[in-house]
Amino acid sequence: MRVVRISDDALALACGADAVAAAFVAAGCTVERVSSWGMHWLEPLVEIDGIGYGPATPADVASILDGSSTKSIDLIAEHPFIASQQRLTFARAGRTRALSLDDYIATGGWTGFHRARAMAPDQVVAEVLASGLRGRGGAGFPAGIKWKTVADAPGDRKYIVCNADEGDSGTFADRMLMEGDPFQLIEGMAIAAYAVGAGQGYIYVRSEYPHAITKLRAAIDLAADFIAPFRLEVRVGAGAYVCGEETSLLNSIEGKRGEVRAKPPLPALKGLFGCPTVVNNVLTLAAIPHILTEGGASLYDSLGLDRSKGTMPIQLAGNIRHGGLYETAFGITLHALIHEVGGGTASGRPVKAVQVGGPLGAYIHPDRFDLPFAYEAYAGADALIGHGGVTVFDDTADMGRMARFAMEFCAAESCGKCTPCRIGSTRGVELIDRIRAGGRASADSVESLPQMHNARKAGRSRAEELQLLEDLCDVMQSGSLCALGGFTPYPVMSALRHWPEDFGT
Amino acid sequence: MWEHRAMSDTRDLVRLIAAHAGMEGALLPILHDVQHAFGCVDGEAEAEIAKALNLSRAEVHGVVSFYHDFTPQADPRPRVELCRAEACKARGVEAMVPAAEKAAGSQVQLKTVYCLGLCSAGPNARVGDTLHARLDEAALVALIEGAR
Ligand SMILES: Cc1cc2nc3c(=O)[nH]c(=O)nc-3n(C[C@H](O)[C@H](O)[C@H](O)COP(=O)(O)O)c2cc1C
Ligand code: SF4
Ligand code: FES
């Protein structure tokens with residue numbers, strides 16, 4: 001009987017993978033449901049003896065089986081999209097069944113954990129430090145330093161919290177990892193727990209990811225004996241973007257409103273329930289098992305650019321022909337990512353803009369596509385790599401509208417703790433509307449009220465409104481407690497700088 | 001699917017809450033279960049939960065009203081969640097919204113969400129726990145009409 005491998009990743013399912021799998025079963029094949037290779041334009045991707053066919057529909061089954069299908073891409077592992085990657089965190093992608101402990105062990109699972117447990121906890125922390133691994137959730141804080149702070153903090157109740165809120169649009173690597181290789185995340189968390197002396201861990205997953213939640217819960221049950229006495233539990237978010245911010249996330253697990261906490265105290269010292277807590281992104285923790293294998297830390301440290309060490313699972317999204325997951329060492333340019341790997345836009349039209357780093361990331365103009373993918377390089381260009389999402393727009397995009405949306409999103413998702421974000425975002429939407437309408441002739445109804453002593457009673461020209469938007473962005477950037485209010489000016493101002501023609505005249 | 005709330009449901013509510021006894025940070029898991037079972041977290045549920053967790057009603061209400069997933073009133077209509085975040089905008093979701101709203105009419109709740117994690121294959125929508133990718137206008141309209 002022929003063995004057919006088809007992914008059960010949420011994206012493959014959304015593209016009809018179950019129907020294709022059922023059709024192969026009906027044709028007498030054995031179907032194995034595996035993780036996704038991350039070649040999303042080819043999902044549902046069917047693999048038989050290493051050869052891929054996609055995107056497959058039930059109608060393709062007969063021709064795939066008799067070898068006459070025109071949807072063959074030959075050996076998947078040798079496809080340029082896969083062969084040009086350097087997969088460490090996603091080494092198992094497409095190759096194993098997510099919930100098979102046998103597959104996991106056969107591909108090196110638990111090696112890092114066993115090695116770590118044979119070492120002293122502070123040696124484990126030292127290896128993570130030596131690897132140069134930085135947090136993949138956005139801020140890029142060195143993981144080893146965070147772990148050391150928690151390890152050195154007094155107290156016998158400590159926590160490991162995995163940030164799996166992945167709210168950034170244009171990102172899906174956390175989801176793919178949780179659905180495709182959940183044991184690797186569990187192993188990474190167990191290593192972290194051993195290193196800092198934590199007994200309990202939580203994985204906080206957004207409610208938009210029902211498949212990841214199911215897979216993780218099943219995987220935790222299967223792995224419970226391996227990681228004992230460490231205990232792990234999934235907690236489900238409730239649709240608030242800001243709960244991806246670490247202190248808001250901790251409040252949420254505690255059963256509170258997801259409001260951002262002021263720092264200090266650092267979560268590493270006073271985190272969940274006031275106890276020392278490691279909060280790390282899924283990809284940070286999932287990189288750990290590899291780093292803890294023999295020679296893993298020095299390999300990681302040898303890859304990348306400057307202080308951006310190792311590999312980054314980059315997510316190619318939006319209007320791109322070959323979208324999906326592309327893990328590679330830091331340093332790759334946007335030009336290479338979009339044109340060489342991604343094949344340009346899906347629509348076939350010219351690229352107009354790229355937003356890197358989710359809804360708080362800057363819009364980057366094709367002029368700057370030589371920028372190397374690295375934390376410092378992006379920071380120097382008033383941009384951020386964030387969680388590694390790359391969202392491509394073609395020339396039909398209206399950047400004025402995208403800037404307005406950035407403010408609208410901030411207003412919808414603000415936790416409300418600080419004024420520049422809570423109120424500034426709504427004022428920002430109105431301002432952008434007025435700029436696009438060419439300014440306004442007179443004061444509005446609120447400004448005209450007699451009690452509004454300081455409000456200006458005359459109209460405002462478009463140039464004056466633009467100045468006001470700059471000022472507002474300045475205040476949001478410097479006066480917000482967290483990056484939601486603080487970084488929303490990035491997409492707004494970058495859109496305004498590079499595409500002023502999209503803001504009316 | 002959830003049913004309309006009746007007085008006899010109070011017992012279910014108490015049982016739902018009791019199932020989380022002793023859990024660290026039990027409030028969100030309880031709220032999820034209540035929302036799932038009753039389609040909302042209403043004032044009565046808030047009061048019951050507050051009592052069980054030794055919180056004030058205001059504290060519970062503050063939490064319920066903070067999160068998009070919890071609603072004060074049940075809406076018996078089927079729900080289609082449409083992603084309108086950046087990557088789906090880049091793939092044309094906005095142009096489909098008028099037709100989607102028309103198809104939904106007053107019979108289907110058409111809810112905007114920001115990102116379903118399928119950003120390379122948008123526009124995307126979610127109905128219950130089923131995801132739909134690569135939607136064009138016709139497919140989205142058919143999805144909404146099929147949900148009715
Ligand atoms: C508004 C906002 C949203 C965030 N969302 C996420 C998220 O979804 N996932 C994540 O890992 N980090 C997110 N972060 C970053 C976290 O606050 C934190 O830096 C991260 O979890 C630390 O883990 P790391 O060091 O492994 O990256 C967000 C930050 C802000 C300000
Ligand atoms: S910037 Fe916005 S989201 Fe962040 S703490 Fe302030 S109000 Fe809350
Ligand atoms: S932006 Fe629509 S699924 Fe991510």
Side-chain angles (χ1 to χ4, degrees), chain A residues 10-11 13-15 40-41 43 166-172 174-176 200 206-212 235-241 243 252-259 272-273 315-320 323-324 346-347 355 358-359 389 391-394 397 401-402 405 409 412-413 415, chain B residues 20 23-33 35-36 41 49 53 55 59-71 81 83-95 111-135:
Chain A
L11 187 134
L13 297 179
C15 294
H40 289 164
W41 74 99
E43 292 288 2
E166 197 165 62
D168 287 359
S169 61
T171 67
F172 41 77
D174 292 354
R175 180 186 63 69
M176 286 184 64
Q200 173 77 43
R206 64 199 298 251
S207 60
E208 290 84 348
Y209 285 178
H211 302 86
R235 286 294 168 93
V236 180
Y241 173 76
C243 285
S252 189
I253 296 180
E254 291 180 12
K256 299 178 182 147
R257 291 164 65 86
E259 270 171 11
L272 192 60
F273 302 106
Q315 298 124 86
L316 300 177
N319 197 335
I320 188 160
S347 60
Q355 187 178 34
T391 301
V392 180
F393 293 79
D394 73 9
R401 217 170 146 186
M402 295 315 297
F405 176 69
F409 181 78
E413 299 298 330
C415 85
Chain B
H20 296 89
M23 181 186 214
E24 263 183 353
L27 185 52
L28 249 70
I30 290 175
L31 294 177
H32 272 300
D33 282 1
Q35 175 77 32
H36 185 73
V41 184
I49 295 166
L53 297 185
L55 296 169
E59 281 172 294
V60 176
H61 182 70
V63 174
V64 171
S65 57
F66 184 86
Y67 295 96
H68 300 303
D69 282 5
F70 308 131
T71 52
E81 295 174 325
C83 174
R84 291 175 69 181
E86 284 87 349
C88 286
K89 285 193 198 301
R91 296 179 70 97
V93 70
E94 290 306 310
K111 189 181 165 216
T112 295
V113 292
Y114 297 123
C115 196
L116 295 166
L118 313 171
C119 323
S120 52
N124 304 311
R126 175 179 176 185
V127 183
D129 282 350
T130 307
L131 299 168
H132 302 267
R134 295 186 192 140
L135 295 167

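Reminder, nothing fancy here: chain letters follow the sequence lines and each chain counts from 1.
Contacts of A/Thr171 with chain B are made by backbone atoms alone, with heavy-atom separations under 4.5 Å and no side-chain atom involved. The contact between A/Gln355 and chain B is made entirely by side chain atoms (from C-beta outward), counting heavy-atom distances below 4.5 Å. A/Ser169 touches chain B through backbone and side chain together, each having a heavy atom under 4.5 Å away. With a 4.5 Å cut-off on non-hydrogen atoms, A/Asp168 touches chain B through its backbone but not through its side chain. Looking at A/Ser252, both its backbone and its side chain come within 4.5 Å of chain B, counting heavy atoms on both sides. Heavy atoms closer than 4.5 Å to chain B are found in both the backbone and the side chain of A/Ala240. When heavy atoms are compared at a cutoff of 4.5 Å, A/Glu43 approaches chain B by way of both its backbone and its side chain. Residue A/Cys243 touches chain B through its side chain alone, counting heavy-atom pairs closer than 4.5 Å.
The six-membered or imidazole ring of B/Tyr114 lies away from that of A/Tyr241, with a centre-to-centre distance of 6.0 Å or more.
In this structure, B/Arg134 CZ and A/Trp41 CH2 are separated by 11.0 Å, a value rounded to the nearest 0.5 Å.
Annotation: side chain of A/Phe393 is in contact with side chain of B/Glu86 (closest heavy-atom distance under 4.5 Å). Considering only heavy atoms from C-beta on, A/Arg235 stays 4.5 Å or farther from B/His32 through its side chain.
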